[in-house]
Amino acid sequence: MSDADCLFCKIAAGAIPADIVKQGPDWVAFRDISPQAPTHVLIIPRQHIATLNDVGPEKADLLGGLFLAAKEIAAEEGIAESGYRTVFNCNAGAGQSVFHIHVHLLGGRDMGWPPG
Ligand code: 5GP
Ligand code: ZN
């Protein structure tokens, strides 16, 4: 369920400190160490899954839970109405650098489109 060498598994287990924003039975949300917006929160499943490519239909509820958490946190951060972005990078070409799936929740500033 967890990977001994995975940074985000260690954060989920409390073995590495992080600025935890909110937790649920199946996920943990914490502030990104290198924020790209005034609000930049990462929402991760407690279960180790390397990339979105590794997810099957049995994980639909787990994935949905990450986005529902993002919605709740956006409201609590005061960015629900001004707008926010949820980003799921898959593999290195898209910018994934930590291979434990995570939703980026970004808001608090205007954002361009398309993303880089
Ligand atoms: P990715 O590039 O995989 O989509 O996103 C990984 C994110 O994890 C990056 O935005 C990076 O700043 C963040 N990150 C990397 N190491 C740490 C850490 O030790 N603590 C926290 N809170 N965030 C981290
Ligand atoms: Zn992991």
Side-chain angles (χ1 to χ4, degrees):
M1 290 291 265
S2 76
D3 182 323
D5 297 323
C6 172
L7 172 65
F8 284 180
C9 282
K10 290 176 184 165
I11 287 177
I16 288 180
D19 185 354
I20 306 284
V21 173
K22 198 176 177 78
Q23 302 192 49
D26 299 324
W27 51 266
V28 180
F30 53 93
R31 296 194 191 281
D32 196 293
I33 203 166
S34 177
Q36 302 301 310
T39 292
H40 188 173
V41 173
L42 303 174
I43 303 121
I44 68 170
R46 293 186 184 278
Q47 182 183 354
H48 180 81
I49 301 167
T51 82
L52 193 55
N53 287 340
D54 301 306
V55 169
E58 75 286 355
K59 296 290 191 293
D61 284 352
L62 185 75
L63 289 177
L66 302 181
F67 284 96
L68 289 173
K71 182 199 80 168
E72 290 174 12
I73 294 164
E76 289 164 10
E77 294 280 316
I79 57 172
E81 300 309 320
S82 57
Y84 58 91
R85 187 169 289 171
T86 53
V87 175
F88 219 130
N89 294 326
C90 183
N91 275 338
Q96 186 175 7
S97 60
V98 178
F99 286 80
H100 177 133
I101 60 170
H102 47 279
V103 175
H104 294 259
L105 167 64
L106 296 142
R109 64 166 170 82
D110 291 337
M111 287 183 208
W113 190 263

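Sequence positions, counted from 1, serve as the residue numbers for this chain. All figures in this text were calculated on a predicted structure; none of them were measured in a lab. Ligands are counted one by one from 1 in listed order, and the atoms in each one are counted from 1 as well.
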Identify which protein N/O/S atoms are less than 2.8 Å from the Zn ion (ligand 2).
-> Cys6 SG, Cys9 SG, His48 ND1, His100 ND1

Does His102 reach ligand 1, in the sense of a heavy atom lying below 4.0 Å from it?
-> yes

Tell me, please: is Ala18 in heavy-atom contact with ligand 1, that is, under 4.0 Å?
-> no

Nearest-0.5 Å distance, [atom1] of residue [X] to [atom2] of residue [Y]:
X: Asp26; Y: Lys59; atom1: CG; atom2: NZ; answer: 11.0 Å
X: His104; Y: Thr86; atom1: NE2; atom2: OG1; answer: 10.5 Å
X: Phe8; Y: Ile16; atom1: CZ; atom2: CD1; answer: 10.0 Å
X: Ile101; Y: Cys90; atom1: CD1; atom2: SG; answer: 9.5 Å

Which pair of heavy atoms, one from Ala12 and one from Ile44, lies closest together, and at what distance?
-> CB-CD1, 4.0 Å

Ala92 to Phe99 - nearest heavy-atom pair and separation | N-CZ, 4.2 Å

Under 3.5 Å between some N or O of ligand 1 and some N or O of [X]?
X: Phe30; result: no
X: Leu42; result: no
X: Asn89; result: yes

Using heavy atoms and a threshold below 4.0 Å, how should the contact between [X] and ligand 1 be classified: side chain, backbone, both, or neither?
X: Phe99; value: neither
X: Val87; value: neither
X: Phe8; value: side chain

List the closest protein heavy-atom neighbour of [atom]: residue, atom name, distance to the nearest 0.1 Å.
atom: atom 23 (N) of ligand 1; answer: Ile33 N, 3.2 Å
atom: atom 3 (O) of ligand 1; answer: Ser97 N, 2.7 Å
atom: atom 22 (N) of ligand 1; answer: Arg31 O, 2.9 Å
atom: atom 19 (O) of ligand 1; answer: Leu7 CD2, 3.7 Å

The atoms of ligand 1 lying under 4.0 Å from a heavy atom of Gly95, numbered in the order shown, are 1 (P), 2 (O), 4 (O)

Pull out every atom of ligand 1 sitting under 4.0 Å from any heavy atom of Ser34, numbered as shown with elements.
-> 12 (O)

Decide yes or no for Val103 and Leu42: does some side-chain heavy atom of the first lie under 4.5 Å from some side-chain heavy atom of the second?
-> no

4.5 Å side-chain heavy-atom contact, Phe30 and Ile11 | yes

CD/Glu81: more than 12 non-hydrogen atoms of other groups inside 6.0 Å = no

Residues, nucleotides or ligands: over 12 heavy atoms within 6.0 Å of Asp19 CG = yes

Please lay out, stage by stage, how Leu52 and Leu63 fare under the test side-chain contact (heavy atoms from CB on, under 4.5 Å).
-> CA-CA 9 Å; Leu52 193 55; Leu63 289 177; 4.1 Å; yes

Could you check which of Val41, Asp32, Ile16, Ile20 puts a non-hydrogen atom nearest to atom 13 (C) of ligand 1?
-> Asp32

Between the main-chain N or O of Gly24 and the side-chain N or O of Arg46, is there a donor-acceptor pair closer than 3.5 Å?
-> yes

Evaluate salt bridge (Lys or Arg N to Asp or Glu O under 4.0 Å) for Glu77 paired with Arg31, printing each intermediate quantity in order.
-> CA-CA 12 Å; Glu77 294 280 316; Arg31 296 194 191 281; 2.8 Å; yes

